[in-house]
Amino acid sequence: MTTTFKPLSTADVRDLVALRGEVERADRTGRHEDEADVLHELADPKLDLAHNTAGLWQGSRLVAYAMVYEPERVGDVARFGTAAAVHPDWRRQGIGTRLVDWMRNRADVVRAERHPGVPGELLVDGSAANAGLTALALKAGFEPCRYWFSMAHDLRTDRLPDVKVPDGLRLTAFETALDEATRCAHNDAFRDHWNHTETDRADWDTWFTGDRSFRAALSALLLDADGRVAAYLLADEYVADGTATGHRSCTIGHLGTRPAHRGRGAARALLAHTLTEAGRQGYDKAELIVDAANPTGALGLYERMGFVTEREFVTYARPLD
């Protein structure tokens, strides 16, 4: 059977959905996608399909793929995110190693061209329970550098918290007129978080309030006395997840408080509002992913608000040559 290694294109959407579906059935990460989700991903204007994606085909079947995401702005380290997977039936044949080598080589080329003299890292992510990924990462010279918890809150049975808005702030539903102000608040809120670089307008329109998953009716803002965004919560709903699980879930996609307003209960108020609203609208559960080492203590907040950990994920890092 002919083996082909070539870039992905938007014509490969159905094949990539099928491959990821097989991977999810084996690895159970909780991630489900439909063709619209994957087409949106491949149509990202910042993803160089011709150079930064690769698919491995056995005849007409896509059995593995890899993607490299270029850092536009870097601080002390140029970190390259990735996405990759191998079909369960083709694992333990050296394909994973081949994908890692390709991603590393591609990141080396981009760093040399666009960030010369800056140290680089290649990042790979996956379930902490995936022993095969752990073995591959360690063998390829990666080390764990970050841990993440996927948490859930049952909106049908769990007691929902009261909404207590901090003095001097006003709770309001998300408004399109405040979209740009919310983007600026996001950059301010996350400037001290690991691997955060400024989210520009293009990324915001693609992956934040411009994403098809965004739900304005579940999102909310806290405004100060001058009408500036002090804190925000942007919520999402992933339709493919609901189709696969039979449960409608509200995802807390982005929750942040500007440094000047921290420690006053702003995040708690927004979270309580969205949990209550999601329950009222008939959602079965709320979900989120949190950095275990979040500097604002978000993990403790979510636990106090009734969220429980369902899965653990890990980011592995390897220095670039």
Side-chain angles (χ1 to χ4, degrees), residues 5-10 16 40-56 64-85 96-126 133 136-148 180 183-208 210-211 253-254 256 259 289 291-296 313-321:
F5 195 66
K6 64 180 181 179
L8 296 171
S9 75
T10 54
L16 189 53
H40 179 74
E41 178 183 356
L42 295 181
D44 180 354
K46 293 187 178 181
L47 178 61
D48 184 346
L49 287 173
H51 299 98
N52 292 348
T53 71
L56 182 65
Y65 78 95
M67 301 180 182
V68 172
Y69 303 107
E70 300 182 20
E72 294 181 85
R73 293 163 292 277
V74 302
D76 56 339
V77 179
R79 294 188 174 96
F80 290 78
T82 64
T97 298
R98 181 178 180 181
L99 295 181
V100 169
D101 289 343
W102 177 84
M103 293 188 294
R104 186 182 69 248
N105 291 336
R106 180 57 192 157
D108 274 330
V109 169
V110 173
R111 182 174 63 99
E113 291 177 350
R114 303 181 187 180
H115 310 289
V118 179
E121 285 184 346
L122 187 69
L123 307 177
V124 296
D125 304 288
L133 174 63
L136 172 63
L138 296 179
K139 181 180 179 181
F142 289 81
E143 293 290 341
C145 72
R146 215 73 182 178
Y147 294 89
W148 312 84
E180 177 61 13
R183 182 183 73 86
C184 293
H186 169 74
N187 283 325
D188 192 21
F190 278 84
R191 65 187 179 189
D192 56 353
H193 286 55
W194 179 77
N195 202 33
H196 174 73
T197 57
E198 181 178 348
T199 300
D200 64 16
R201 192 70 233 180
D203 284 336
W204 190 261
D205 289 341
T206 302
W207 299 111
F208 289 74
D211 196 320
H254 305 279
I289 293 179
D291 182 347
N294 184 296
T296 66
F313 297 89
V314 59
T315 296
Y316 300 92
R318 182 192 190 279
L320 294 174
D321 299 330

Give the minimum heavy-atom separation between [X] and [Y], together with the two atoms involved.
X    : Y    : answer
V118 : D76  : CG1-O, 3.9 Å
V68  : L47  : O-CD1, 4.1 Å
F190 : G256 : CE1-CA, 4.1 Å
L99  : A66  : CD2-CB, 4.1 Å

Check the pair L136 / F142 against side-chain contact (heavy atoms from CB on, under 4.5 Å), numbers first and verdict last. CA-CA 9 Å; L136 172 63; F142 289 81; over 6 Å; no
Sequence neighbours left out, what pairs pass salt bridge (Lys or Arg N to Asp or Glu O under 4.0 Å) with at least one residue falling in residues 114-123?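 For residues 114-123, and leaving out neighbouring residues, the salt bridge (Lys or Arg N to Asp or Glu O under 4.0 Å) pairs sorted by first residue read E70-R114, R79-E121.
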Short N-O contact, D101 and R98, less than 4.0 angstrom: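 No, D101 and R98 are not salt-bridged.
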Note, [X] side chain near [Y] side chain (heavy atom, < 4.5 Å):
X    : Y    : answer
N195 : L123 : yes
L133 : V314 : no
N52  : M67  : no
R318 : V100 : no

Is it the case that over 12 heavy atoms from other parts of the model lie below 6.0 angstrom from the NZ atom of K139?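 12 or below, so no.
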Taking the ring centre of each residue, are F208 and H186 less than 6.0 Å apart? yes
Checking H40, E41, R201 against T206 for side-chain contact (heavy atoms from CB on, under 4.5 Å), the one that qualifies is H40
Quick one: list whatever passes salt bridge (charged side-chain N to carboxylate O under 4.0 Å, His left out) with D125, sequence neighbours left out. none
Could you walk me through whether L56 and W102 pass side-chain contact (heavy atoms from CB on, under 4.5 Å), step by step? CA-CA 12 Å; L56 182 65; W102 177 84; over 6 Å; no
Begin with the C-alpha distance, continue with both residues' side-chain angles, and end with the deciding distance and a verdict on side-chain contact (heavy atoms from CB on, under 4.5 Å) for R111 and F80. CA-CA 9 Å; R111 182 174 63 99; F80 290 78; 4.0 Å; yes
Residues which pass ring pair (Phe, Tyr, Trp, His ring centres under 6.0 Å) with H51, listed by chain and number, not counting sequence neighbours: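 If we apply the ring pair (Phe, Tyr, Trp, His ring centres under 6.0 Å) test to H51, skipping adjacent residues, there are no hits.
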